[in-house]
Participant: 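Take this structure first; my questions come after.
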Amino acid sequence: MPELPEVETVRRVLHKHLPGHQIRAVQIERPKMLRGQSKTTFIRSLINQKIVKVERRAKYLIIRLQTGSLLIHLGMSGQVFTSGGKKPAVAAGSVLPDKHTHLRMRLDKDFLLYGRDPRMFGRYQYLSPEAEKDFFFGMGPEPLGKHFTPEYLFGILKLRRSSLKALLLNQKVIAGLGNIYTDEALFQARLSPFLAGENLTRAQTLRLHTAIRTILKKAICARGTSISDYLDPRHKKGTFQQQLRVYGQEGNACPACRTLIRKTVLAQRGTHWCPRCQVS
DNA sequence: CGTATTGTTTTGCC
DNA sequence: GGGCAAAACAATAC
């Protein structure tokens with residue numbers, strides 16, 4: 001379930017290894033992953049291009065090329081694996097590429113890059129320099145960036161009647177939060193996920209702003225959350241699952257007050273909260 | 001075999 | 001025309 005911290009972890013690993021490499025061959029096994037873009041256009045756009053750097057916007061990986069970029073969204077179960085020199089892309093005991101490996105790229109110096117996605121909720125896409133401007137238009141600020149201020153958050157929540165849960169998941173409000181970090185941030189801020197944005201006080205907004213940034217920074221430090229299948233490009237698990245306080249903790253005691261953590265559906269998502277700590 | 005899982009896009013209502 | 005909610009969509013594990 002890659003959200004901002006997982007995608008950022010993947011970005012950092014890729015950025016360490018990929019820049020300077022040239023793309024020699026591209027295979028795409030499941031054209032559906034291209035979301036309508038033609039396979040030939042995709043391959044023709046990538047081939048012989050040199051990778052300049054690897055960036056991230058929201059939950060999107062941007063592998064920047066000399067001309068345009070390769071955009072990767074990991075969806076729910078997406079993984080990117082690389083290997084270079086003597087290091088295999090294949091973890092000991094695993095079989096790669098397998099039937100879920102939809103993207104295979106050979107770079108120079110026998111460097112490999114695989115895209116794997118069992119549920120195929122993710123996407124691979126080539127973006128021309130012009131297309132990229134439109135693609136991210138209207139997306140909310142990066143929560144760890146300078147545009148995400150308490151004033152911005154207060155201003156945008158004030159206008160909205162939706163629940164905090166729905167608003168934090170809305171990428172036009174804030175970019176990069178998913179289900180796990182939304183629930184964790186609301187718990188840390190001691191705010192009910194049911195609370196409407198417009199009812200938030202300045203003090204509560206400040207708490208939420210701090211909580212979002214703190215949780216994301218901690219999760220990046222922990223290299224993300226590996227609950228079911230998330231792995232970084234070198235097959236390394238994250239460790240933030242050890243620090244989850246509400247997500248997946250239904251029926252367990254709240255770490256702050258020992259009340260049992262509850263779970264319900266809100267904004268069409270599984271939502272975890274402490275009914276005592278998160279009352280308003 | 002129905003249910004749960006999630007992020008993005010689409011649809012239709014107000 | 002924008003906010004909002006719900007559905008659609010992608011596919012698998014259990």
Side-chain angles (χ1 to χ4, degrees), chain A residues 1-8 10 28-37 39 56-62 71-80 94-95 98-103 115-125 127 131-132 134-140 142-143 153 155-186 193-200 216 219 224-231 238 240-241 244 246-251 262-272:
Chain A
M1 289 162 256
E3 304 177 28
L4 188 152
E6 290 75 30
V7 180
E8 177 62 20
V10 172
I28 188 92
E29 310 290 336
R30 303 291 286 266
K32 266 194 175 171
M33 292 292 293
L34 304 180
R35 294 291 183 273
Q37 189 167 53
K39 189 170 151 179
R56 177 191 59 75
R57 176 77 170 101
K59 301 167 195 169
Y60 289 91
L61 273 173
I62 305 167
L71 195 77
I72 299 180
H73 195 291
L74 299 173
M76 190 172 167
S77 60
Q79 300 166 325
V80 174
S94 80
V95 186
D98 64 1
K99 66 170 179 173
H100 301 302
T101 307
H102 314 306
L103 173 67
R116 186 176 183 271
D117 192 344
R119 294 187 207 175
M120 289 175 59
F121 287 16
R123 71 193 319 190
Y124 312 121
Q125 193 173 351
L127 281 189
E132 195 172 322
D134 298 335
F135 192 85
F136 294 110
F137 181 81
M139 185 168 274
E142 284 291 320
L153 189 59
I156 196 160
L157 294 183
K158 192 170 58 179
L159 304 171
R160 305 295 199 108
R161 267 183 239 180
S162 305
S163 64
L164 290 180
K165 173 78 176 192
L167 291 169
L168 294 186
L169 287 173
N170 185 340
Q171 304 296 298
K172 290 175 182 162
V173 173
I174 176 173
L177 288 183
N179 213 26
I180 296 175
Y181 299 109
T182 293
D183 284 1
E184 292 297 315
L186 286 170
F194 299 91
L195 196 59
E198 61 181 359
N199 293 336
L200 237 66
L216 291 177
T225 301
S226 291
I227 290 177
S228 50
D229 44 17
Y230 167 73
L231 296 173
F240 197 73
Q241 60 278 11
L244 294 177
V246 285
Y247 185 90
Q249 305 302 308
E250 61 268 28
R262 290 184 55 189
K263 179 182 181 183
T264 188
V265 174
L266 173 60
Q268 299 172 289
R269 290 293 175 263
T271 299
H272 313 72

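All figures in this text were calculated on a predicted structure; none of them were measured in a lab. Throughout, protein chains are lettered first and strands after them, A, B, ... in sequence-line order, and every chain is numbered starting at 1.
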Participant: Of the nucleotides B:dT8, C:dA6, C:dA11, which has the atom closest to the A:Tyr60 side chain?
Facilitator: B:dT8
Participant: So if I take every side-chain heavy atom of A:Phe121 and compare against C:dC4, B:dT6, B:dT9, which nucleotide ends up nearest?
Facilitator: B:dT6
Participant: Could you please name the option among B:dT5, C:dA5, B:dG7 that lies closest to any side-chain atom of A:Arg119?
Facilitator: B:dT5
Participant: Suppose we call a contact any N or O donor and acceptor under 3.5 Å apart; does that hold for the side chain of A:Gln268 and the base of C:dA5?
Facilitator: no
Participant: Counting any heavy atom closer than 4.0 Å, what does A:Glu3 reach on the DNA or RNA strands: base, sugar-phosphate only, or nothing?
Facilitator: sugar-phosphate
Participant: Give the nucleotide from the list B:dT5, C:dA10, B:dT8 with an atom nearest to the side chain of A:Gln171.
Facilitator: B:dT8
Participant: Tell me if the side-chain of A:Arg269 makes a donor-acceptor pair with the base of B:dT5, cut-off 3.5 Å, by modelled atom types.
Facilitator: no
Participant: Does a nitrogen or oxygen in the side chain of A:Lys263 sit under 4.0 Å from OP1 or OP2 of B:dT5?
Facilitator: yes
Participant: Across the strands shown, which category fits A:Tyr247 at heavy-atom distances under 4.0 angstrom: base, sugar-phosphate, nothing?
Facilitator: sugar-phosphate
Participant: Nearest-Å distance, CD1 (A:Ile156) to C1' (C:dC4)?
Facilitator: 14 Å
Participant: How close or far is atom P of B:dT6 from atom CG of A:Leu177, stated in whole angstroms?
Facilitator: 14 Å
Participant: Roughly how many Å is it from CG in A:Asp117 to P in C:dC9, rounded to a whole number?
Facilitator: 19 Å
Participant: How many whole angstroms separate atom CG of A:Leu266 from atom P of B:dG7?
Facilitator: 14 Å
Participant: Can you measure A:Phe194 atom CZ to C:dC4 atom P for me and round it to whole angstrom units?
Facilitator: 17 Å
Participant: Looking only at side chains, do A:Asn179 and A:Thr182 share a donor and an acceptor under 3.5 Å apart?
Facilitator: no
Participant: Could you work out which one of C:dA7, C:dT12, B:dT6 sits closest to the side chain of A:His100?
Facilitator: C:dT12
Participant: The side chain of A:Pro118 lies closest to which of these nucleotides: B:dT5, C:dT12, B:dT9?
Facilitator: C:dT12
Participant: Taking only the side-chain heavy atoms of A:Ser162 (C-beta and beyond), determine which of C:dA5, B:dG7, C:dA11 contains the nearest atom.
Facilitator: C:dA5
Participant: Indicate the atoms forming the closest heavy-atom contact of A:Leu168 with A:Ile174, along with that distance.
Facilitator: O-CG2, 3.6 Å
Participant: For A:Met76 and C:dA11, what is the distance between atoms CE and P respectively, to the nearest whole Å?
Facilitator: 14 Å
Participant: If you count every heavy atom of other residues, nucleotides or ligands that lies below 6.0 Å from A:Arg262 atom CZ, does the total exceed 12?
Facilitator: no
Participant: Ignoring the backbone of A:Asn179, work out which of B:dT6, B:dT8, C:dA10 is nearest its side chain.
Facilitator: B:dT6
Participant: Between C:dA8 atom C1' and A:Lys32 atom NZ, what is the distance in whole Å?
Facilitator: 13 Å
Participant: Between A:Leu169 and A:Lys172, name the one whose nearest nucleotide on DNA chain B is closer to the 5' end.
Facilitator: A:Leu169
Participant: For the atom pair CG (A:Leu216) and CD (A:Glu184), what is the distance rounded to the nearest 0.5 Å?
Facilitator: 11.0 Å
Participant: Between C:dG3, B:dT8, C:dA10, which one does the side chain of A:His73 approach most closely?
Facilitator: B:dT8
Participant: Students often get this wrong, so: under 4.0 angstrom with heavy atoms, is A:Lys99 touching a base, only sugar-phosphate, or nothing?
Facilitator: nothing
Participant: Locate the shortest heavy-atom distance separating A:Gln171 from A:Leu177; write the atom from each residue and the value.
Facilitator: NE2-O, 3.1 Å
Participant: Looking at A:Arg123, I'd like to know whether one of its side-chain N or O atoms comes within less than 4.0 Å of OP1 or OP2 on B:dG7.
Facilitator: no
Participant: Would you say the side-chain atoms of A:Tyr60 and A:Gln125 include a donor-acceptor pair closer than 3.5 Å?
Facilitator: no
Participant: Whole angstrom is fine here: how far is it from CD1 in A:Ile227 over to P in C:dA13?
Facilitator: 18 Å
